[in-house]
Amino acid sequence: MELSIITAKQVFILFILIFTGFGCVKAGVIKTESKKVFSDLLIYLIVPAMIINSYTTGYNPEIFSNLLQAFALSTLFLLTGLVITFALGFKLKSENAPIAKFACIFSNAAYMGFPLIEALFGSEGLIYASAYVTVFNILIWTIGYGMVSKKSDLKELIRSICTTPAVISVILGLIIFLCRIPVPEVIVKPLSYIGSMNTPLSMIIIGIIIANCTPSALVKNKLIVFVIALRMAAIPVVCFAIFYFLNIRGTVPNIVLLLEACPSAAMTSVFAVQYGYDENLAAGAVVITTFLSIITLPLFAYLLTAVI
């Protein structure tokens with residue numbers, strides 16, 4: 001119960017930050033075009049700084065063992081979501097089916113998940129969350145990218161993965177962690193300060209997205225119902241069942257499951273614009289699942305402590 005209460009409080013705090021971004025757009029303080037600038041700042045500077053900083057805690061065999069577990073469980077749960085989506089969505093004939101499936105498979109682990117995990121589990125939790133995001137990025141730039149772009153250029157996919165800032169920062173962080181490289185405080189402090197901007201800026205970006213959505217356009221698309229059913233219910237429930245029947249316990253599984261239970265990835269809207277899919281469908285998937293996470297994330301946190 002304690003984890004669910006803390007989760008509910010943190011989700012509520014995140015939504016206050018979201019509505020800060022929403023209010024700034026409506027008041028004219030922030031222009032909608034700022035979303036691209038803020039997103040680039042987050043992806044290319046703030047998230048990498050936050051990830052690298054989380055690995056400067058010093059080598060610990062237990063943390064390393066947990067990190068390997070995080071990679072394994074992240075792979076298991078992400079592939080589970082992929083299998084469920086393709087199994088239940090193979091009959092979808094809409095031209096927008098690829099972007100709907102993308103919204104089902106990939107959660108908002110970076111924007112919504114990282115701030116939540118940092119608040120619940122601290123800097124060590126971010127190490128394990130970075131493992132999830134690494135697997136996430138590999139899948140999003142291979143299967144996800146290929147699905148929405150309908151391209152299968154192996155060289156382009158490899159280049160996309162190898163140039164993803166989050167993946168590069170995890171590699172650098174692992175080198176620091178495994179080689180036990182001492183990082184001076186004069187470097188750690190700036191990394192910490194920059195990384196601390198992740199939570200407010202991530203939520204402000206989501207607020208900007210919400211501010212640009214038309215409510216009537218969000219609810220009229222039937223594919224949104226499919227996304228809600230899978231992203232917010234079917235996939236987390238099946239992952240939780242795997243969690244339960246395999247008798248998996250501990251902080252790392254809790255972190256991975258909460259990340260998998262997050263709403264649809266903000267990247268859904270980016271890919272919809274880039275490849276000509278219905279932008280209202282993509283925005284609706286992100287916005288509605290984000291609002292529903294007010295209920296679902298604390299619920300899954302409660303199940304983690306009450307049932308497991």
Stepwise side chain to side chain donor-acceptor pair (under 3.5 Å) test for Glu260 and Tyr132 | CA-CA 9 Å; Glu260 186 61 21; Tyr132 179 95; 2.5 Å; yes
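No more than 12 heavy atoms of other residues, nucleotides or ligands shown are found within 6.0 angstrom of OH on Tyr44.
Using cut-offs of 30° and 60° on the angle between ring planes, the pair Phe240 and Phe243 is parallel.
We find the CD1-CG distance between Ile46 and Leu201 to be 4.5 Å, quoted to the nearest 0.5 Å. Atoms CG and OG1, from Leu67 and Thr134 in turn, are 8.5 Å apart once rounded to the nearest 0.5 Å.
Put simply, the side chain of Lys101 never gets that close to the backbone of Thr85: no donor and acceptor are under 3.5 Å apart. In this structure, Ser65 contributes its side chain and Glu62 its backbone to no donor-acceptor pair below 3.5 Å. In terms of modelled atom types and a separation under 3.5 Å, the side chain of Ser107 and the main chain of Leu259 share a donor-acceptor contact. Of the possible polar contacts, one joining the Thr20 side chain to the Ile16 backbone as a donor-acceptor pair under 3.5 Å is found. Formation of a donor-acceptor pair under 3.5 Å by the Thr289 side chain with backbone atoms of Ala285 is found in this model. A donor-acceptor contact shorter than 3.5 Å is absent between the side chain of Asn53 and the backbone of Ala49.
Between the side chains of Ser169 and Tyr55, no donor N or O sits under 3.5 Å from an acceptor N or O.
The distance between the ring centers of Phe271 and Tyr277 does not fall below 6.0 angstrom.
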